[in-house]
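What follows is one structure encoded as structure tokens, with my remarks underneath.
Protein chains get the first letters and strands the later ones, always in sequence-line order, with residue 1 at the start of each.
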Amino acid sequence: MNQPFSLPKTYDFASVEEKIYAHWEASGYFKPSNDPRSPDHDPSRRPFVISIPPPNVTGELHLGHAMFVAMEDLMIRYHRMKGVPTLWVPGTDHAGIATQLQVEKALAREGLSREQLGREEFLRRTWAWKEKYGGIITRQIRRLGASCDWSRERFTLDEGLSRAVREAFVRLYEKGLIYRGPRMINWSPGLKTAVSDLEVEYSEEPGTLYFFKYVLADNPQEYIPVATTRPETILGDTAVAVHPEDDRYRAYVGRKVLVPILNRPIPVIADEYVDREFGTGALKITPAHDPNDYQIALRHNLEMINILTPDAAINENGGPYQGLDRFECRKRMWEDMRAAGLVIKEQPYTLNVPRSQRGGEIVEPMISTQWFVRIQPLARAALEAVREGRIKIVPERFTKVYYNWLENIEDWCISRQLWWGHRIPVWYCDECGEITVSRDDPTHCAHCQSSHIHQDEDVLDTWFSSGLWPFSTLGWPEDTPDLRYFYPTSVLETGYDILFFWVARMIMFGLEFTGKPPFHTVYLHGLIRDEQGQKMSKTKGNVIDPLEVMDEMGTDALRFTLLVGSTPGNDMNLSLKKVEANRNFANKVWNAGRFVLGALAQAPAQAQAAPQWTLADSWIWARLQQLLRDVERLFTNYQYGEAGRQIYDFFWSEFADWYVEIAKLQLAEGGDRAFYTAQTLLRVLDASLRLLHPFTPFVTEELWGHLKRAAQEKGEAFSPKGGWEEALIIARWPEAQPVEGWEEQKIADFNLIQEVIRAIRNLRTEKKVTPGKRIPATIVAGEKLTVFQQQAAAIAALAYLQPDHLTMLANLPEKPENQIAIVVAGIEIYLPLADLVNVEAERARLQNELAEVEKQIERLRGLLASPFAEKAPPPVVEKERQKLATFEETAARLRDQLQNL
RNA sequence: GGGCGGAUAGCUCAGUAGGUUAGAGCACAUCCCUUACAAGGAUGGGGUCGCAGGUUCGAGUCCUGUUCCGCCCA
């Protein structure tokens, strides 16, 4: 009988979480129902599918992961509970640059470089590294409660996905959508690889604008003043451009100027691109090291001179500066030009410096031979899919961002000069020079049959394989049962920061390779910042480690905080205070559960007669039904946070604060009252746990297990319709019953009782009457007398009154003397606190209240006399009339009492 | 330069069916260890919802303009 108290007073998440997760996984609950590989599979049932945003295989958990796991697990658990066949495909990403850097760093500690090891050995080491660290992130994701089907876990470099990458590359190549050639790209000198436009970030930094002379080749006395932010690029200049209508320089067009120091003659050209207002109005053109200059050079057929080596030193084209680092060269060259009398002036200037997203080094625009995807045709299809509504982006405002990017997209540089990744499936023939592009490793050139072929050294951008993720993980290019049934997936959930990197590319590739949008909805969450809204970073030292948070406050607390504290697409500031509050919530749920278990233990196992519901029973039931409807509506609109808040509020401020308190009295009555109270407690708690489960899976599962066991021991009468499911994770999602018509009145009546109780408590506090001191009271309830009489016990208990000295009346013509009076919603309450009555203080208090009420009366009379009465919908007007009537009643009572003083 | 978001209580934020006295958590004040829970309970103080217009019977919520902060793209 002491069963509930065998549960600890405080919810002990540390002893629960691991055990529960292991149980779920071992029981196969993460696997989809209606599995297409099983014989009784029904292909007509539509599944709900999410592909996980694959984290870096050797990475470690951060709050971004915690966020997407919480969101996606919520969606998955909700659909699973609704009975939908549900699949969440997990996996990891090889993360080319990041992983390679980790391994290179480790090698450096041994005094080794990857070049010393050679490609093969380096890859062997990297795989070993992956084996060693690859399990960490997935274990951490499990720790968050992720209910993904680990039997379907994939890795971007595993065999199937590598085949998908080959297939995709070859198909694009065959369609003419992949080409190789020299183009302007972003070069990362530290990593010695090309990176895509997206991997470059621009930061405003103080710098210098250098003004100098471009002397005319045929007359050293004349010069064109030119300004630049990067003097070293002068070495690669192949023209000076001026605006065709610029009178200052018109005469020079067609003549030649001399490159400083090198004295190489280059033409002066006219181009409309030149901004006459900027600098001197004359622009030096370095086609090989500036994207805009590159465009101009193409138009004018200018020579392109590369002046940099792969590690951004000056190459043989730099004459005397060959071998110098780019920044050293800048300094030296400027000094030399000053000595040569070519310097005009320097001026402070804010630069827009292109930096590598990874590592932050300054990237150099450079012409380089790389592989590109001709993106226009893919982008067009991806645009249409969203425009036509085949894919919906939540929140909607990001569709505009998506359009804007795709409408202005440039070809995608997909080759990387790295070793860790999918090697480009292209072989060059040493004899005929032709290339062979193949799904399988060829042994002979496809053109001349020579066996002297060698594979392209480069690997593909990691995002190339990520772009195939929703279908490659399901078996594509094979036509597998999984692919047939689970593709297209349902929702793609991720942070808005990778909308272009990943989401847009998946849409392009999905449409291109499968002919279908890879998902129907994109849900974007915001970024997580610290309490002050600062980006978390190691240098700032404001990083919150989700693992530590889970250790201290439990997974449920962290999940609930992330889910309820955020709104779609908006950044959230995470504070540990909030997590703490939600840990307290989990504890509240736990303790409410302990109470219900106790109630169950002491209640009769059977009813003797049909139920006679109390006001509190009806009220909590009606409120639960409203909650179910609201939550359903909010979930449908992806407003998970708001749904969570509403469940929280219902559970704490209605169920726990009010219903449980009244239930204690009802249980004490024994008999049928106790039976039906226990039943209501059980039902409401059961429904609440089901609603909460997608948010806080651990505490709800654990508690629900105890609840189920206790109810089963008690017998049939405490079973839900359809019986108890095996586990909460696969239990039915609660659905609201149709409205029966009585609900509103019961809710209104209960609210009135609450108001009266609060008013009495309020006055007691004001008069410093401690709860321990039970006092008599008289309540004059008018037409609500019956309601109040029925609630006498509850009112007495919750307002700390003497139950046998609680008088309920319809009217009280003779106002009692020496009593403190309160009026709330037209109800009069008298408390015989004679010794505390101070006539003057009472008068002041009553007058204050009267003034407040009269203000409201005036407001409402004005409102009802305005066009509001005709134009607003009748129910709204009626509501206001009711309010007015109540206020008027209250005012009348207050006046009586003032007179009576 | 273009686009987007934010501005609501001391702090961090909700408020996405426009409905008429604006909510939560934390913090603060007073009281209470009443056998579900002190990680709790009761009560209270605290906001002209950035600013200016407009639409509407009614605006924190819709429209226009504007200021400040932040982000994305060029």
Worksheet item: Taking any strand in view, what nucleotide pairs with B/C11 in a Watson-Crick or G-U wobble way, both distances under 3.5 Å?
Response: B/G25

Item to complete: Provide, to the nearest angstrom, the distance between the CG atom belonging to A/N848 and the P atom belonging to B/G44.
Response: 15 Å

Discussion item. Can you see whether A/D556 engages A/N582 through a side-chain donor-acceptor pair at a distance of less than 3.5 angstrom?
Written reply: no

Worksheet item: Does the B/A36 base have a donor-acceptor partner in the side chain of A/E661 within less than 3.5 Å?
Response: yes

Discussion item. Can you identify which nucleotide, out of B/G19, B/G25, B/C72, has its nearest atom closest to the A/P873 side chain?
Written reply: B/G19

Worksheet item: Is there a donor N/O on one and an acceptor N/O on the other, under 3.5 Å, for the side chain of A/K9 and the base of B/C37?
Response: no

Fill in: Parallel, tilted or perpendicular: rings of A/W590 and A/Y11 (30°, 60°)
tilted

Discussion item. Rounded to whole Å, please give me the gap between CZ in A/R645 and P in B/G25.
Written reply: 13 Å

Worksheet item: Across all strands, who's sitting opposite B/C33 as a Watson-Crick or G-U wobble pair, both distances under 3.5 Å?
Response: none

Worksheet item: When you compare B/G15 with B/G2, how far apart are their P atoms, in angstrom units rounded to a whole number?
Response: 30 Å

Worksheet entry | Partner nucleotide of B/U16 by Watson-Crick or wobble geometry (both distances under 3.5 Å) | none

Discussion item. Given B/G19, B/A36, B/A17, identify the nucleotide with an atom nearest to the side chain of A/V876.
Written reply: B/G19

Item to complete: Provide the distance between the two C1' atoms, one in B/G5 and one in B/G44, to the nearest whole Å.
Response: 36 Å

Worksheet item: Parallel under 30°, tilted from 30 to 60°, perpendicular over 60°: which one fits the rings of A/F655 and A/F650?
Response: parallel

Discussion item. Measuring from the side chain of A/K588 (C-beta onward, heavy atoms only), which nucleotide among B/C57, B/C37, B/A14 has the closest atom?
Written reply: B/C37

Worksheet, complete the sentence: Winner on side-chain proximity to A/N587, out of B/A14, B/A74, B/C37, is B/C37

Fill in: Minimum-distance nucleotide (side-chain atoms of A/A872 versus B/C57, B/U16, B/A39)
B/C57

Worksheet entry | Side chain of A/F500 (C-beta onward), nearest among B/C57, B/C73, B/G15 | B/C73

Discussion item. Against the six-membered ring of A/F887, is A/K855 placed for a cation-pi contact (under 6.0 Å from the centre, within 45° of the normal)?
Written reply: no

Worksheet item: Separation of A/E766 atom CD from B/G44 atom P, in whole Å?
Response: 9 Å

Discussion item. Under a 3.5 Å cut-off for both contacts, is B/U64 paired Watson-Crick or G-U wobble with anything, and if yes, with which nucleotide?
Written reply: B/A52

Worksheet item: Counting side-chain heavy atoms from CB outward, which of B/U16, B/G25, B/U20 is closest to A/A581?
Response: B/G25

For residues 860-876 of chain A, which side-chain N or O atoms pair as donor and acceptor with protein atoms under 3.5 Å away, sequence neighbours left out?
from, atom 1, to, atom 2, distance (Å)
A/R861, NE, A/E888, OE2, 3.2
A/R861, NH2, A/E888, OE2, 2.6
A/S866, OG, A/L863, O, 2.5
A/S866, OG, A/F868, N, 3.2

Item to complete: Could you give the distance separating B/G50 and B/G45 at their P atoms, to the nearest angstrom?
Response: 24 Å

Worksheet, complete the sentence: When rounded to whole Å, the CG to P distance for the pair A/L798 and B/U34 reads 17 Å

Worksheet item: How close or far is atom C1' of B/C4 from atom CG of A/L499, stated in whole angstroms?
Response: 12 Å

Worksheet, complete the sentence: For B/C4, the nucleotide meeting Watson-Crick or G-U wobble distances (both under 3.5 Å) is B/G70

Response to the item:
Side-chain atoms of A/T567 come closest, of B/G15, B/A39, B/C37, to B/G15

Response to the item:
Quick note, A/N762 side chain, CB onward, closest among B/G44, B/G41, B/A14 is B/G44

Worksheet item: When the aromatic ring centroids of A/F13 and A/F698 are compared, is their separation below 6.0 Å?
Response: no

Worksheet item: Nearest of B/U43, B/C71, B/A36 to any side-chain atom of A/T765?
Response: B/U43

Fill in: Atom-pair distance (CD1 on A/I775; P on B/A42), nearest Å
18 Å

Response to the item:
A/R761 CZ to B/G44 P, in whole Å, measures 10 Å

